[in-house]
Protein chains: 2
Amino acid sequence: MNVLEKIVSSVNNFSKSERKVADVILANPQVTIHSSIAALAKMADVSEPTVNRFCRRLDTKGFPDFKLHLAQSLANGTPYVNRHVEEEDGPEAYTAKIFESTMAALDTARQRVDISTINKAVDVLTQAKKISFFGLGASASVAHDAQNKFFRFNVPVVCFDDIVMQRMSAINSTEGDVVVCISHTGRTKNLCEIAAIAKENDATVIGITAYDSPLARECSLVLSLDVPEDTDLYMPMASRVAQLVLIDILATGFTLRRGSKFRENLKKVKDSLRGSRFDKKDMSL
Amino acid sequence: MNVLEKIVSSVNNFSKSERKVADVILANPQVTIHSSIAALAKMADVSEPTVNRFCRRLDTKGFPDFKLHLAQSLANGTPYVNRHVEEEDGPEAYTAKIFESTMAALDTARQRVDISTINKAVDVLTQAKKISFFGLGASASVAHDAQNKFFRFNVPVVCFDDIVMQRMSAINSTEGDVVVCISHTGRTKNLCEIAAIAKENDATVIGITAYDSPLARECSLVLSLDVPEDTDLYMPMASRVAQLVLIDILATGFTLRRGSKFRENLKKVKDSLRGSRFDKKDMSL
DNA sequence: AGTATTTTGTAATTTAATTACAGTATTTGG
DNA sequence: CCAAATACTGTAATTAAATTACAAAATACT
């Protein structure tokens, strides 16, 4: 828990003067880290020792140490302690909050993701005869994105967001095929079934899903992100972004494993798109 | 550029003693932020003023200020000064780099995005008779995602990743319709045409694209992200994530504008999905 | 080799942070 | 409702830290 969050969560344990200090700090944290204890005391209209005591109460060694912690909290790009969007938020507020909560989610995902599993997944993908990406609902767009990425690698890739097609594809899979199932909760029945079918047909099933979920149990390899989802608005937000980044990582691992010659090929694919685009210099239109 | 990067990049401009200081700091930055100037001077085997001068050379106000900057650099969790993936990177390295560069991209997007335009876009969307999301290639999955989100709002939404369908849809659009065109570069010819057609038919065209691009010129409203794209691997990565976050922001703005009663409706949509899922407690399967 | 310039360190000064203590407010038990 | 205890807050003194000014050493240049 960072200092800013700590201040908010323990706001009830503060005395009247300490609360004044807390308010001033929360109102302008950027100013705080560049202020002396005297300046801050003046802003909060309390004495200097009160500020010092405030810092100590937050388990820091003193005011300079507190500033250090505060600076780190701010560096995470989280001036907003409460990252949940609230009803009365204006455009500035909700825009900032959504950016920040997404970034925070990516940060936790980065810390929790298991690198050795990523490496195994890259292994499996590079050796795949065919790669299939399956997702439903919000995860369908992640699957599409994955298809777009891996298609460039000149590998047989398919992507279905239709359970019937997914099912047929899973039934037809054989050893050497890789099926990637994407689901944040890992509790979508249809997808679990498809994972099971693919597994029965000796395909390697990679799950981008919650660690301890029904879907995870059907998978040969589970890439768990464990992003805390903002449930306020009943929409998947951060989890989806984390999934996309994971796709980026797998794709990158794939290209690195394939070597430099392979990457020249990628450039060709990209260059082939040029004809469909306006020239960068041609700004006449 | 953060302080750590700065130290590395300007290592040649340092004097012999300053370099000693730099070495000690780079070797154990975590220790540094909790040391006094005296302690650090001793570690580097130089005098205290030398440390102070070192800090000044890095455009900080002095040693305490330097520690603040250093703390922020460390908090970002960016031990990697160079965030670009390199050929010899192992799984730990490229995973970390991709997470970090994505987060950095989101941070710049947050700073550059124009809030008043977001607000206008939300205005337009809430009043739309019909909303269409169009994207091609990598942006197609962003469009799909947008559809998934706005569909929950019980608003007429369409999404096409097929230029013929897009074209037909654009031709049929009328006043009050909103067309959202998604393209990172804004130079995809087909999409520019479609934007132009939609505009001619009095639809409001929102562009999620580069500020000064051909597509932008066809739009009534331009939401520019200006994310520095990592071109090393010839794949759009960060821009796409930023686009998704922008969609989240628009969707959130939409729900907030519609009020609390509307949000209850969202909950219903979510609850309706329950039947297709395994119960959270039922972990037997 | 001698001078100019840059670099470095010592010592003094200034500034900031902390501690000790005393007064004030607040709560609790009678 | 009052008194005693406890917790809270501020003033002033102390200590620690950082900065500045200046002098010495090292380096570079003529």
Side-chain angles (χ1 to χ4, degrees), chain A residues 3 6-74, chain B residues 3 6-74:
Chain A
V3 188
K6 218 172 202 168
I7 294 175
V8 173
S9 69
S10 57
V11 85
N12 299 318
N13 304 332
F14 290 149
S15 69
K16 211 193 295 176
S17 302
E18 283 172 339
R19 188 157 187 167
K20 281 201 250 178
V21 179
D23 289 342
V24 171
I25 293 170
L26 290 175
N28 26 21
Q30 282 294 349
V31 176
T32 304
I33 58 170
H34 293 112
S35 304
S36 68
I37 194 168
L40 184 61
K42 206 171 179 182
M43 279 194 273
D45 193 32
V46 296
S47 70
E48 298 179 26
T50 300
V51 176
N52 195 280
R53 282 187 281 260
F54 172 86
C55 299
R56 290 250 164 80
R57 193 174 289 271
L58 268 64
D59 301 317
T60 62
K61 287 194 83 180
F63 184 69
D65 189 44
F66 169 79
K67 285 206 290 187
L68 244 41
H69 283 265
L70 185 60
Q72 294 197 313
S73 304
L74 293 176
Chain B
V3 189
K6 220 172 200 168
I7 294 175
V8 173
S9 70
S10 56
V11 85
N12 299 318
N13 304 331
F14 291 147
S15 70
K16 210 193 294 177
S17 300
E18 283 172 338
R19 188 155 187 168
K20 281 201 251 178
V21 178
D23 288 342
V24 171
I25 292 170
L26 290 174
N28 26 21
Q30 282 293 349
V31 176
T32 304
I33 58 171
H34 293 113
S35 304
S36 69
I37 195 168
L40 184 62
K42 205 171 180 181
M43 279 194 274
D45 193 32
V46 297
S47 70
E48 298 180 26
T50 300
V51 176
N52 195 278
R53 282 187 281 261
F54 172 86
C55 298
R56 289 249 164 80
R57 192 174 292 271
L58 269 64
D59 301 316
T60 61
K61 287 194 83 181
F63 184 69
D65 189 43
F66 169 79
K67 284 207 289 187
L68 244 41
H69 283 266
L70 185 61
Q72 294 195 314
S73 304
L74 293 175

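Values below: every heavy atom of this structure, side chains too, minus hydrogens, waters and symmetry copies. In what follows, chains carry the letters A, B, and so on, assigned in the order in which the sequence lines appear, proteins first and then strands, with residues in each chain numbered from 1.
Counting only distance, with no hydrogens or angles, the side chain of B:Lys67 and the backbone of A:Asp65 share no donor-acceptor pair below 3.5 Å.
We find that CD1 of B:Ile37 is positioned 18 Å from P of C:dT14, with the value rounded to whole Å. Between the P atom of C:dT26 and the CZ atom of A:Phe14 lies a distance of 19 Å, rounded to the nearest Å. Between the P atom of D:dC8 and the CZ atom of A:Phe54 lies a distance of 14 Å, rounded to the nearest Å. Taking atom CZ on B:Phe66 and atom C1' on D:dT19, their separation rounds to 16 Å, with Å as the unit. To the nearest angstrom, P of C:dT13 lies 18 Å from CG of B:Asn52. The separation between B:Lys67 atom NZ and D:dA17 atom P is 9 Å, rounded to whole Å. When the P atom of D:dC22 is taken as reference, atom CZ of B:Arg53 falls 14 Å away, rounded to whole Å. In this structure, CD of A:Glu48 is placed 15 Å from C1' of C:dA20, rounded to the nearest angstrom.
Taking only side-chain atoms of A:Ser36, from C-beta outward, the nucleotide of D:dT11, D:dA18, C:dA17 with the closest atom is C:dA17. In the set C:dT10, C:dA17, D:dT19, D:dT19 carries the atom at the smallest distance from any side-chain atom of B:Phe63. Checked against D:dT9, C:dT19, D:dA21, the side chain of B:Pro49 finds its nearest nucleotide in D:dA21.
For the pair A:Leu58 and A:His69, the minimum side-chain heavy-atom distance is 4.5 Å or more. Using a 4.5 Å cut-off on side-chain heavy atoms (C-beta onward), A:Phe54 and A:Ile7 make contact.
At the phosphate of D:dC8, neither OP1 nor OP2 sits under 4.0 Å from any side-chain N or O atom of A:Thr50. Side-chain nitrogen and oxygen atoms of A:Arg56 include at least one within less than 4.0 Å of the OP1 or OP2 phosphate oxygen of C:dT19. Look at B:Lys20 and you won't find any side-chain N or O under 4.0 angstrom from OP1 or OP2 of C:dT8. Within the structure, a side-chain polar atom (N or O) of B:Ser15 is placed less than 4.0 Å from OP1 or OP2 of C:dT8. Considering only side-chain N and O atoms, A:Lys16 lies under 4.0 angstrom from the phosphate OP1 or OP2 of C:dT26.
Atom-to-atom distance recorded for B:Leu26:CG and B:Thr32:OG1 is 8.5 Å, nearest 0.5 angstrom.
Using the Watson-Crick or G-U wobble rule with both distances under 3.5 Å, D:dT30 pairs with C:dA1.
The two residues B:Leu68 and A:Ala71 have their closest heavy-atom pair at O-CB, 4.0 Å.
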